[in-house]
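Numbers for residues simply follow the sequence, beginning at 1. Quick caveat: nothing in here was measured; it's all calculated off a predicted structure. Just the heavy atoms: all of them, side chains too, but no hydrogens, waters or symmetry mates, feed the values below.
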Amino acid sequence: MSKKHTAIVLAAGKGSRMQSAVPKQYLELCGKPVLYYSLAAFEESFVDEIILVTGKDDISYCKEQIVERYGFQKVTKIIVGGAERYLSVYQGLLAAEEADYIYIHDGARPFVDAAILSDAKACVEQYQACVAGMPVKDTIKIVDAEDFAKETPERKYVWQVQTPQVFSYALVREAYDMLMEDQDAYSVTDDAMVVETMLNYPVKLFQASYKNIKITTPEDLQIAELFVQR
Ligand code: CTP
Ligand code: MG
């Protein structure tokens, strides 16, 4: 039996750091919404199904102006997320029960591509838990509460983490079920952390691309426009 690969694309954030009235995943990037680009990458890939997670007021916009307008056949569900990213992920996991592998991706990260997805597939089939990332280019400092440098980790061991973050379904579901029982105890910023912390399971990093940026602040959108124009 072939395995089912399901993507959860997150688009339920408010984008406070972007400081725009429209959430960043819906801002226009060279004539199309930011969210279009990652959905297109999954649509054109080996992935079987896409679950789109959005805000309750944006369900019909997503359905009509994105999924129907661009003809995304693999988006089978458009569901309501939660107030925090991990809560949106959890709603996606609940909607993906038949999946064997889960690809959690930020809808605000438009440059995921076929190469990243096929590397992710190979990696998750081998390790069950893997995340896209890149070694940092700058030296990173750990600081204390007064911003004095405390530690300088060796650069070759420091990576910036991206999405997709990819897991076998049973593993990530177990980790998130555990998190949900004791949510207040943790401050969760990515999915790998949940698997690492809850299950103590080793998560493999694989090199994606320095282009696989997340639109977070206004200058990111300008950089993204240059990438699309190339
Ligand atoms: N996200 C989500 N549900 C949330 C929060 C975030 O689905 N409650 C999604 C965002 O839409 C985005 C991705 O998770 O695609 C990464 O989150 P981030 O870059 O932090 O986006 P926002 O939370 O929207 O932005 P900010 O933190 O600046 O408010
Ligand atoms: Mg956020």
Query - Check against side-chain hydrogen bond (donor to acceptor under 3.5 Å, both in side chains), S168 and Y201 - result: CA-CA 12 Å; S168 84; Y201 193 92; over 6 Å; no
Query raised in the report: Among the clusters formed by ILVMFWY side chains lying less than 4.5 Å apart, do I50 and Y101 turn up in the same one?
Result: yes
Query raised in the report: Would V161 end up clustered with F206 when hydrophobic side chains under 4.5 Å apart are linked, directly or stepwise?
Result: no
Requested in this report: Say whether, by atom type as modelled, one donor and one acceptor occur between the side chain of Y90 and the main chain of D177 under 3.5 angstrom.
Outcome: no
**Report entry** Residues E68, K63; criterion salt bridge (Lys or Arg N to Asp or Glu O under 4.0 Å); working and verdict
**Finding:** CA-CA 6 Å; E68 289 173 0; K63 181 171 180 286; 2.9 Å; yes
Query - Exam field: side chain K74 to backbone S45, donor-acceptor pair closer than 3.5 Å - result: yes
Report task. Indicate yes or no: at least one non-hydrogen side-chain atom of K150 is less than 4.5 angstrom from one of V143. Result -> no
Report task. Kindly indicate whether the side chain of W159, heavy atoms from C-beta on, has any atom under 4.5 Å from the side chain of Q207. Result -> yes
Query raised in the report: Just one of L87, T197, V89, L179 clears the side-chain contact (heavy atoms from CB on, under 4.5 Å) bar with V188, so which one?
Result: L179
Query raised in the report: SG of C62 to CG of D57: how many Å apart, nearest 0.5 Å?
Result: 11.0 Å
Query raised in the report: Is the side chain of Q25 donor-acceptor paired with the backbone N or O of G107 at a distance under 3.5 Å, no angle test?
Result: no
Query - K4 side chain vs E98 backbone, donor-acceptor pair below 3.5 Å - result: no
Query raised in the report: Closest approach of V9 and S38, non-hydrogen atoms and distance?
Result: CG1-OG, 4.2 Å
Query raised in the report: Is a donor on one side and an acceptor on the other found under 3.5 Å between the side chain of D100 and the backbone of Y169?
Result: no
Query raised in the report: Taking the side chain as C-beta and beyond, is there a heavy-atom pair between L35 and L52 under 4.5 Å?
Result: yes
Query raised in the report: Do the side chains of M193 and V166 join up, straight or via other hydrophobic residues, at under 4.5 Å, putting them in one cluster?
Result: no
Query - Y26 and S20, any side-chain heavy atoms less than 4.5 Å apart - result: no
Report summary line: Between D106 and the options R85, K214, Q162, the side chain to side chain donor-acceptor pair (under 3.5 Å) test singles out R85
Query raised in the report: Are F72 and Y36 close enough, and set up right, to give a ring pair (Phe, Tyr, Trp, His ring centres under 6.0 Å), and what steps lead you there?
Result: CA-CA 9 Å; F72 292 126; Y36 159 86; 5.7 Å; yes
Report task. Kindly indicate whether the side chain of I142, heavy atoms from C-beta on, has any atom under 4.5 Å from the side chain of P153. Result -> yes
Requested in this report: Establish whether I104 and V75 are linked, either directly or via other cluster members, by ILVMFWY side-chain heavy-atom contacts under 4.5 Å.
Outcome: no
Query raised in the report: Which atom pair, heavy atoms only, marks the closest approach of D220 to T216?
Result: OD2-N, 2.9 Å
**Report entry** Heavy-atom check, side chain of I59 versus side chain of T54, under 4.5 Å
**Finding:** yes
Query raised in the report: Are side-chain heavy atoms of Y70 and K32 found at a separation under 4.5 Å?
Result: yes
Query raised in the report: Which pair of heavy atoms, one from A129 and one from P202, lies closest together, and at what distance?
Result: CB-O, 3.9 Å
